[in-house]
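The structure under discussion appears below in the form of structure tokens.
In this text the structure is predicted, and so the values were computed from the model without any measurement. FYI, the numbering just counts along the sequence from 1. For ligands, and for the atoms within them, numbers begin at 1 and follow the listed sequence. Hydrogens, waters and symmetry mates are skipped; everything else that's a heavy atom, side chains included, is used.
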Amino acid sequence: MDKFKTTEALRTKAEQMKSQHIRELFEDENRFTEFSRQFEGLLFDFSKSKVDAEVLDLLESLAGEAKLQQGIADLFAGKEVNNTENRPALHMALRSAEPSYRIDGGEDVKPLILAEEQKFAKFVNNVRSGKWKGHTGKPIKTIVNIGIGGSDLGPKMVCQALKPNSNQQLRMRFISSIDANHVFPILTVCDPETTLFIVESKTFGTEETLTNANTCRGWLLSSMSNDASAVAKHFVAVTTNIEKARAFGIDPRNMFGFWDWVGGRYSVWSAIGLPIALSLGMEQFKEFQAGAAAMDSHFKTAPIKKNLPALLGLLGVWNQNFLEYKTHAILPYDEYLRWFPDYLQQLEMESNGKSVNKGGQPIDYKTCPILWGGQGNNGQHAFYQLLHQGTRYVFHEFFAPVEATNPMGDHHLKLLANCLAQSEALMKGRTAEEAREAMKAEGLSDSEIERLVPFRSFAGDKPSHTFLYKELTPRLLGSLIALYEHKTFTQGWIWDINSFDQWGVELGKQMCKRLQPILSGDVSADNLDASTKGLINYTLENRD
Ligand code: F6P
């Protein structure tokens with residue numbers, strides 16, 4: 001990043017701001033107005049982070065130097081932004097309402113998308129209406145999605161987030177891990193006659209998914225007198241690899257396609273969203289896509305300081321590369337967003353966890369931070385101690401709905417109070433003097449007060465972003481996901497890395513294949529390192 005002239009100025013500014021407590025920044029009464037933005041029903045407050053007008057100016061200059069606007073134009077125009085796989089990244093085409101969408105001025109992909117969507121919509125309506133019958137003539141009651149990574153996290157997160165909007169007649173289940181402890185308990189509560197399996201895999205080559213799909217097919221057939229024709233009524237596939245899905249035994253009429261220019265972690269808008277459409281119906285699925293499309297046009301056209309995804313990405317670069325916060329906590333105060341931290345983990349860490357630039361040169365600056373998190377209110381009684389008083393520099397991101405989805409007494413008011421209190425406490429902290437006052441009010445003796453002051457003081461100065469939204473509608477969730485997709489792109493662009501490949505997942509997969517015959521006892525462990533060999537020998541000696 002040293003190639004950008006603004007980098008030096010940002011470094012100097014960061015050194016100055018590191019020693020300035022965020023509390024002091026609030027002497028400016030307009031701070032909230034100046035450092036918050038709205039997009040449709042979404043409020044983004046970044047005033048409780050270490051920014052001021054000069055930081056925003058510098059980040060705007062950085063974006064200018066990096067030609068971010070050109071990057072955005074290239075992305076939307078279908079240029080080959082995924083340079084190691086020679087592909088564009090065109091997930092935006094899936095949700096665009098435009099009648100045509102061309103890859104780099106060439107092929108129009110919209111007719112392909114629309115044809116697939118029609119097939120998809122017909123299937124969704126048939127299943128939801130009960131017209132689609134299982135092998136024994138019963139309508140479908142349970143959908144089991146079999147997929148992993150982008151073929152699991154997107155549909156699972158969205159189905160959970162929009163559960164209140166769903167057709168409760170269809171039970172949604174998700175199998176991802178190769179661990180039989182994931183598959184077994186789900187199959188035990190499913191009725192084969194009324195269960196439909198969706199095998200989702202972009203490549204149709206993922207071992208976890210194929211193993212799980214085989215197990216589920218065996219389970220189905222064992223309850224259908226091994227009548228292979230039952231598979232067509234209980235298995236459909238979503239893939240870009242029709243040949244492999246056909247070889248697996250899925251009838252092409254039961255396949256829904258998408259294309260190699262849709263990355264796995266960006267595929268929720270394609271037929272990979274089938275579980276969502278089954279759960280919500282096509283109308284709401286289209287609203288979900290429309291919310292994302294609205295964020296797309298905003299990203300394409302808004303000036304940097306008003307552009308939510310660009311701003312979120314640039315602020316992330318500021319926090320990570322200049323203020324040096326080490327990890328990024330995703331803290332939803334919304335039970336329905338339970339899977340959102342996991343979803344963002346894949347989106348950002350698989351996209352931007354890279355250490356060579358687009359030209360293949362090693363880079364000497366930090367790229368994606370570690371994202372982690374969980375439901376905020378539970379976290380308060382578990383890991384927040386470290387956030388408030390630990391020695392790690394964490395950046396916090398809070399999410400909460402203004403309205404209660406299930407109004408019950410004062411639950412929602414208390415939930416919101418908890419969320420807002422946490423960001424306030426993290427930011428302000430409590431000085432020794434304030435701690436003394438509080439303890440005096442509790443009636444503690446002077447000596448006890450002095451003994452406890454170091455433990456009951458809080459340095460504060462812990463930054464956060466807060467997102468508030470009236471309610472989590474399909475449209476709003478679509479916008480929120482697209483916001484993070486484009487944040488991820490913005491950061492990848494500034495860091496000069498390819499956000500759309502994931503070579504880092506390959507080595508472990510290959511080694512896993514090599515270890516399987518050794519773990520079966522068919523091949524000797526002698527050529528392995530001492531640790532792996534020791535672990536395998538322990539396994540072989542201790543299993544029944
Ligand atoms: O191994 C990582 C990965 O390739 C992800 O990028 C992807 O979302 C996931 O595995 C599943 O891949 P597929 O949809 O091809 O089964």
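Close N/O approach between Glu200 and ligand 1 is not found [any backbone or side-chain N/O within under 3.5 Å]. Where the criterion is an N or O separation shorter than 3.5 Å, residue side chain and backbone included, Thr209 fails it with respect to ligand 1. The shortest N/O to N/O separation between Gly150 and ligand 1 falls below 3.5 Å.
In terms of protein heavy atoms, atom 12 (O) of ligand 1 is closest to Thr206 OG1, 3.5 Å. Shortest contact from atom 15 (O) of ligand 1 to any protein heavy atom: Thr203 OG1, 2.6 Å. Ile148 O, 3.2 Å is the protein heavy atom nearest to atom 11 (C) of ligand 1. The protein heavy atom nearest to atom 1 (O) of ligand 1 is Lys509 NZ, 2.9 Å.
Which parts of ligand 1 touch Glu350 is read off a 4.0 Å heavy-atom cut-off, strictly below it: atoms 2 (C), 5 (C), 6 (O).
A pairwise comparison of heavy atoms in Glu116 and Phe256 identifies OE2-CA, 3.4 Å as the closest pair.
Of the heavy atoms in Gln502, only side-chain atoms (C-beta onward) come closer than 4.0 Å to ligand 1. Proximity of Val505 to ligand 1, defined as any heavy-atom pair under 4.0 Å, is confined to the side chain (atoms from C-beta onward).
The shortest separation from a heavy atom of Gln346 to ligand 1 is under 4.0 Å, placing the residue in contact.
Each of Phe395, Tyr393, Trp372 was evaluated against His328; a single residue qualifies, Phe395, per the ring-ring contact (aromatic ring centres under 6.0 Å, His included) test.
With hydrogens and angles left out, the side-chain atoms of Lys286 and Gln289 include a donor and acceptor closer than 3.5 Å. Between the side chains of Gln346 and Asp342, no donor-acceptor pair is found at a separation under 3.5 Å. For the residue pair His486 and Asp296, a side-chain donor N or O sits within less than 3.5 Å of a side-chain acceptor on the partner. Asp260 and Thr240 are not linked by any side-chain donor-acceptor pair at a separation below 3.5 angstrom, with hydrogens and angles left out of the test.
With Trp269 as the aromatic partner, Arg95 meets the cation-pi criteria of under 6.0 angstrom to the ring centre and within 45 degrees of the ring axis.
For Phe340 and Phe399, the ring centers are positioned less than 6.0 Å apart.
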